[in-house]
Amino acid sequence: MEVEIRVQDIANLSKETIPEDFIWTTNEQPGLTTVQGITVLEVPVIDLSDPDEEKVVQAVVDASRNWGMFQVVNHGIPYDTIRKLQEVGKVFFELPQEEKEVYAKPAGSQSIEGYGTKLQREVEGKKGWVDHLFHKIWPPSEINYQFWPKNPPSYREANEEYAKHMHGVADKLFRCLSLGLGLEGHEMKEAVGGENLVYLLKINYYPPCPRPDLALGVPVHTDMSSLTLLVPNDVQGLQACRDDHWYDVKYIPNALIIHIGDQVEIMSNGKYKSVVHRSIVNKERTRMSWPVFLEPPSDLEVGPHPKLINEANPPKFKTKKYSQYCYCKFNKIPQ
């Protein structure tokens, strides 16, 4: 069986150059395509604790239509809960390689869960400078503890605590998105699975890279999920595309970064926009991020919400099972 080479190992051996597989084309290289200087993208920041719900709804709607990305503050997830989540993830990735390989995604597995490097069909054979760990954290019926590290011992508790606090944020965001489309507050969440909505955690580990101007952590993409709720460490790396230019996204400490995913764009029939983004890497420091993808159950059919479709507004997207959508996206098959 072919053993997958980890980027962490390559990084340890790479002092001045990087392998050809990790050097992107000139129209993708961050050194050539990032807007330079002091320009950073200050995406909308929304205070979820604001008692004026109408104001919060309008802010979420505007950000989802015009940006596809925003940050939320005063979101109700305690700082200590986020800190512990980050701490146990960092400890896992600093374990000896053979300990991490215990959690490797099994060969031939149809599931995305597990420790790994390659994620999807590679674009022109180019690789991202990142290793990852995927596992579901909600609902309990979907959790496979085979992929939850046992070291550090507090890993499970930290992840369960984080999952517990995520529901309030997710419910509030879905309510705002629903109301913004003229739907009842519960309808958007129901359309993506309701209480069966799957919370899939990914830890991205981007080791230091001697040529961050040539490499990408994760190449250009939109998220397949309905929503993505993300916390990074303190190393800059998220970039968003605005008017065909790539900008660094300014991160606010203790905020959650929210991405509108493909399923919300589909359900809203294009009124909300799935954000085009990528990640870059750092020469001296390890960057990490913890996105949680809120995904419909795999056999649930997702399409434009029936209440948004009429003669004047025909469907812009096909209705299909979420598993089918993911298969097409991973394998670069047109939807």
Side-chain angles (χ1 to χ4, degrees), residues 64 68-72 75 77 82 85-86 89 105 109-116 118-120 128 130-144 147-148 159-160 162-174 177 188-189 191-205 217-232 238 240 256-268 272-279 288-300 302 320-330 335:
S64 302
M69 174 188 283
F70 50 96
Q71 298 189 62
V72 294
H75 40 67
I77 303 179
I82 294 174
L85 175 85
Q86 293 177 311
K105 179 180 168 182
S109 171
Q110 296 305 302
S111 167
I112 202 171
E113 290 188 276
Y115 170 65
K118 184 179 175 181
L119 184 55
Q120 58 186 359
V130 63
D131 294 324
H132 61 251
L133 174 68
F134 275 103
H135 62 72
K136 294 171 185 174
I137 58 173
W138 193 264
S141 60
E142 288 283 332
I143 291 175
N144 184 348
F147 299 113
W148 287 47
N159 278 263
E160 287 178 342
Y162 187 63
K164 189 174 79 179
H165 285 286
M166 293 222 84
H167 301 303
V169 187
D171 289 352
K172 193 158 202 170
L173 292 172
F174 278 120
L177 292 166
M188 278 288 266
K189 185 181 173 186
V192 286
E195 295 311 308
N196 294 316
L197 189 69
V198 175
Y199 290 55
L200 175 68
L201 172 74
K202 181 188 185 193
I203 307 177
N204 289 307
Y205 186 91
V218 177
V220 179
H221 67 289
T222 58
D223 292 347
M224 292 185 286
S225 56
S226 56
L227 293 174
T228 303
L229 284 62
L230 180 149
V231 291
L238 179 63
L256 291 179
I257 299 172
I258 311 299
H259 297 169
I260 298 296
D262 295 346
Q263 305 313 305
V264 160
E265 179 170 349
I266 290 166
M267 280 193 305
S268 71
Y272 299 137
K273 302 298 180 195
S274 186
V275 63
V276 178
H277 59 290
R278 69 183 186 183
S279 61
M288 294 186 72
S289 66
W290 289 257
V292 174
F293 304 100
L294 306 186
E295 299 194 323
S298 61
D299 59 352
L300 185 76
V302 180
K320 59 173 67 174
K321 284 186 178 180
Y322 182 61
S323 56
Q324 188 186 357
Y325 183 90
C326 293
Y327 178 82
C328 291
K329 182 131 179 176
F330 274 130
Q335 298 284 355

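The analysis underlying the following values was restricted to heavy atoms, covering all of them including side chains, and did not include hydrogens, waters or symmetry mates.
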With a 4.5 Å cut-off on side-chain heavy atoms, are His135 and Asn159 touching?
yes
So do the side chains of Glu142 and Trp138 get within less than 4.5 Å of each other, counting heavy atoms only?
no
Main-chain N/O of Thr222 paired with Lys329 side-chain donor or acceptor, under 3.5 Å:
yes
How far apart are the closest heavy atoms of Tyr115 and Leu133, and which atoms are they?
N-CD1, 3.6 Å
Trp290 and Gly89: which non-hydrogen atoms are nearest, and at how many Å?
NE1-CA, 4.2 Å
Quick one: side chains of residues 291-300, donor-acceptor pairs under 3.5 Å with protein atoms, not counting sequence neighbours, listed by atom name and distance.
{"unit_1": "Glu295", "atom_1": "OE2", "unit_2": "Tyr322", "atom_2": "OH", "d": "2.8"}

d(Thr228 OG1, Asp262 CG) to nearest 0.5 Å is 9.0 Å
With rounding to the nearest 0.5 Å, note down the distance linking OG in Ser289 to CG in Leu238.
8.0 Å
Spacing of CG belonging to Leu201 relative to CD1 belonging to Ile137, to within rounding of 0.5 Å:
5.5 Å
Evaluate the side-chain proximity of Phe134 to Lys105: yes if any heavy-atom separation is below 4.5 Å, no if none is.
no
Is the number of heavy atoms from other residues, nucleotides or ligands within 6.0 Å of NZ (Lys273) greater than 12?
yes
Do Leu197 and Ser226 come within less than 4.5 Å of each other through their side chains, counting heavy atoms only?
yes
Check whether any side-chain heavy atom of Gln86 sits under 4.5 Å from a side-chain heavy atom of Met288, and report yes or no.
no
Smallest separation among heavy atoms of His75 and Val72, with atom names
CD2-O, 3.3 Å
State which residues pass side-chain contact (heavy atoms from CB on, under 4.5 Å) with Val275; sequence neighbours excluded, sorted by chain then number.
Met69, His259, His277
Taking the side chain as every heavy atom from C-beta outward, state whether Ser64 and Leu177 have any pair of such atoms under 4.5 Å apart.
yes
Would you check, one step at a time, whether the test side-chain contact (heavy atoms from CB on, under 4.5 Å) holds for Leu173 with Phe70?
CA-CA 11 Å; Leu173 292 172; Phe70 50 96; 3.9 Å; yes
With distance as the sole test, does Gln263 use its side chain to make a donor-acceptor pair with the main-chain N or O of Met224 at under 3.5 Å?
yes
Side-chain touch Trp148/Ile143, heavy atoms, less than 4.5 angstrom:
yes
Distance col, row Met166:CE vs Asp171:CG, nearest 0.5 angstrom, shows 11.0 Å
Under the 3.5 angstrom rule, does the side chain of Gln335 hit a backbone N or O of Tyr325 as a donor-acceptor pair?
yes
Heavy atoms of Ser268 and Glu265 approach each other most closely as OG-O, 3.1 Å
Does Leu229 reach the side chain of Ile258, with side-chain heavy atoms less than 4.5 Å apart?
yes
Quick one: do Lys320 and Tyr327 satisfy side-chain contact (heavy atoms from CB on, under 4.5 Å)? Show the steps, please.
CA-CA 11 Å; Lys320 59 173 67 174; Tyr327 178 82; over 6 Å; no
Identify the heavy atoms of Glu113 and Ser111 that sit nearest to each other, and give their distance.
N-OG, 3.0 Å
Working to the nearest 0.5 angstrom, can you tell me the gap between Ile203 CD1 and Asp131 CG?
12.0 Å
Which is it for Val302 and Met267 under the side-chain contact (heavy atoms from CB on, under 4.5 Å) test, yes or no, and what are the steps along the way?
CA-CA 7 Å; Val302 180; Met267 280 193 305; 3.8 Å; yes
Going from CG on Leu200 to NZ on Lys136, what distance comes out if it is rounded to the nearest 0.5 angstrom?
7.0 Å
